[in-house]
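Below you'll find the structure, written out as structure tokens, and then a few comments.
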Amino acid sequence: MTTMKVAVLGLGIMGSGMARQLLNADFEVAVWNRSAEKAAPLAKAGARIGSTPADAAQGASVVVAMLADDTVSRAVWTGEDGAFAAMDEGAIAIDSSTLTGGWVAQLAALAEARGIRFLEAPVTGSRDQAAQGALRFLVGGGGEVLAAARPVFEAMGSTVVHLGPVGSGATVKLANNFLCGVQAASLSEAVALFEKRGLDVEQAMSILTDGAPASPLLKAVSRRMLDRAYDPHFLVPLMGKDLGYAEQALAEVGIVSAIAAAARQRFVEADAAGHGTQDIASIVEPLRAADGAPGS
Ligand code: NAP
């Protein structure tokens with residue numbers, strides 16, 4: 001049996017874990033990242049480092065991208081040294097980044113024009129799930145393409161959900177992060193309220209985490225806010241980006257989302273206050289620093 005060749009483009013918090021899971025599953029893996037130092041640990045584990053996206057994608061039957069946003073995705077797939085320039089006809093391109101439905105549709109068309117098969121597959125789960133091969137893939141695209149790529153998804157994730165045609169994954173992923181972002185934003189305001197009122201914050205928070213508002217996100221992110229533990233699981237600017245994309249998706253169907261816009265503002269403010277390389281839990285910091293003494 002020949003080993004399937006897989007390329008991973010983008011070795012950030014998520015892509016690094018995904019590439020490592022593919023190596024653990026004995027795929028022949030090539031990687032590329034803008035900042036080359038992030039590829040070094042994977043090279044030690046057996047990955048070939050590509051000098052460009054095209055170089056990494058050369059000869060791969062499946063190429064997976066995990067990149068910041070639409071602009072980066074466009075450059076890495078379709079640029080001069082982009083992956084499409086090197087991919088064979090019939091090879092499969094998978095973009096797992098959180099992207100807009102509009103860009104994903106364009107990307108699918110550009111792939112098709114080159115005879116490249118395409119799936120969008122944004123994920124739920126975060127840094128720990130990526131490192132453990134426990135992501136959930138929200139797939140949009142053809143069922144036959146998904147069947148061919150399934151071993152790759154199964155190495156990186158615990159669940160693969162086929163939601164429908166290209167664009168379905170982006171819609172569900174953006175709704176997912178819309179709800180997560182709104183919850184994190186409202187949580188930051190509640191934590192700041194408790195602190196400014198001089199309450200026993202652990203006790204006050206336990207009412208929320210044991211009560212109706214409780215969710216995995218509320219529990220995990222409130223812990224990090226209280227501990228001031230901002231080592232990134234999910235970066236502040238990326239949640240800001242996702243709330244902007246969710247706002248855009250809602251606007252496309254005629255819904256003006258003041259809720260997404262207000263939540264996004266918390267992430268924009270935190271980024272501007274210097275928390276851009278920290279976890280989303282750090283959005284509470286500008287509120288802590290704002291006027292309003294405890295007990296006032
Ligand atoms: P990250 O650690 O910031 O990684 C972003 C990746 O994009 C890195 O490989 C980065 O390269 C690359 N990149 C950024 N700007 C670039 C540019 N101008 N040119 C080329 N490459 C560029 O973020 P992440 O958490 O892994 O997220 C990746 C994607 O997954 C995003 O779309 C995010 O919304 C989504 N996502 C994240 C999570 C999470 O919890 N972290 C969960 C689900 C989905 P460098 O290393 O050189 O900066």
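Please read these numbers as outputs of a predicted model, since none were measured by experiment. All ligand and atom numbering here is 1-based and tracks the order in the structure.
- Of all the atoms in ligand 1, the ones that sit under 4.0 Å from a non-hydrogen atom of His233 are 39 (C), 40 (O), 41 (N).
- Of all the atoms in ligand 1, the ones that sit under 4.0 Å from a non-hydrogen atom of Asp242 are 34 (O).
- For atom 5 (C) of ligand 1, the nearest protein heavy atom (residue, atom name, distance) is Ala68 N, 4.1 Å.
- Around atom 28 (C) of ligand 1, the closest heavy atom drawn from Thr277, Ile13, Leu67 belongs to Leu67.
- Counting only non-hydrogen atoms, the option in Lys241, Arg127, Arg34 that gets closest to atom 18 (N) of ligand 1 is Arg34.
- When each atom of ligand 1 is checked for a heavy atom of Gly10 under 4.0 Å away, the hits are 9 (O).
- One finds no salt bridge joining Arg117 and Glu89 here, because no Lys/Arg side-chain nitrogen approaches an Asp/Glu carboxylate oxygen to under 4.0 Å.
- Residues Val236 and Ile280 share a closest heavy-atom pair of CG2-CA, 3.9 Å.
- Asp227 and Arg223 are joined by a salt bridge, as a carboxylate oxygen and a charged side-chain nitrogen come within less than 4.0 angstrom of each other.
- From the protein, the heavy atom lying nearest to atom 47 (O) of ligand 1 is Ser35 OG, 2.4 Å.
- Of the N and O atoms on the side chains of Gln248 and Thr100, not one donor lies less than 3.5 Å from an acceptor on the other residue.
- The ligand atoms of ligand 1 that sit less than 4.0 angstrom from a heavy atom of Val123 are 43 (C), 44 (C).
- Nearest protein neighbour of atom 26 (O) of ligand 1, counting heavy atoms only, is Met14 N, 2.8 Å.
- Listed for the Ser168 side chain is a donor-acceptor partner under 3.5 Å among the backbone atoms of Pro165.
- Between the side chain of Tyr245 and the backbone N or O of Asp70 there is at least one donor-acceptor pair closer than 3.5 Å.
- Across all their heavy atoms, Ala83 and Val63 have their closest contact at CB-CG1, 4.4 Å.
- The pair Arg127-Asp279 fails the salt-bridge criterion, with no side-chain N (NZ, NE, NH1 or NH2) lying under 4.0 Å from an Asp/Glu carboxylate O.
- Residue contacts with ligand 1 for Thr98 involve both N, CA, C or O and side-chain atoms from C-beta outward (heavy atoms, distance under 4.0 Å).
- In this comparison of Asp128, Val76, Asn33, the heavy atom closest to atom 11 (O) of ligand 1 sits on Asn33.
- Looking only at protein heavy atoms, the nearest one to atom 40 (O) of ligand 1 is Ser126 OG, 2.5 Å.
- Below 4.0 Å from some heavy atom of Ser97 lie the following atoms of ligand 1, by number and element: 32 (O).
- Not a single donor-acceptor pair under 3.5 Å links the side chain of Lys173 to the backbone N or O of Ser97.
- The closest protein non-hydrogen atom to atom 23 (O) of ligand 1 is Leu238 CD1, 3.2 Å.
- Shortest contact from atom 4 (O) of ligand 1 to any protein heavy atom: Gly12 CA, 3.4 Å.
- Close approach to Leu235 involves these atoms of ligand 1, each under 4.0 Å from a residue heavy atom: 3 (O).
- Against a heavy-atom cut-off of under 4.0 Å, Gly125 is close to the following atoms of ligand 1: 42 (C), 43 (C).
- Considering only non-hydrogen atoms, atom 43 (C) of ligand 1 lies nearest to Lys173 out of Met66, Lys38, Lys173.
- In terms of modelled atom types and a separation under 3.5 Å, the side chain of Ser188 and the main chain of Ala185 share a donor-acceptor contact.
- Side-chain contact check for Ser73 and Trp103: at least one donor-acceptor pair (N or O, by modelled atom type) lies under 3.5 Å.
- Against a heavy-atom cut-off of under 4.0 Å, Val72 is close to the following atoms of ligand 1: 13 (N), 15 (N), 16 (C), 17 (C), 18 (N), 19 (N), 20 (C), 21 (N), 22 (C).
- Between the Glu120 side chain and the Gly169 main chain, a donor and an acceptor come within less than 3.5 Å of each other.
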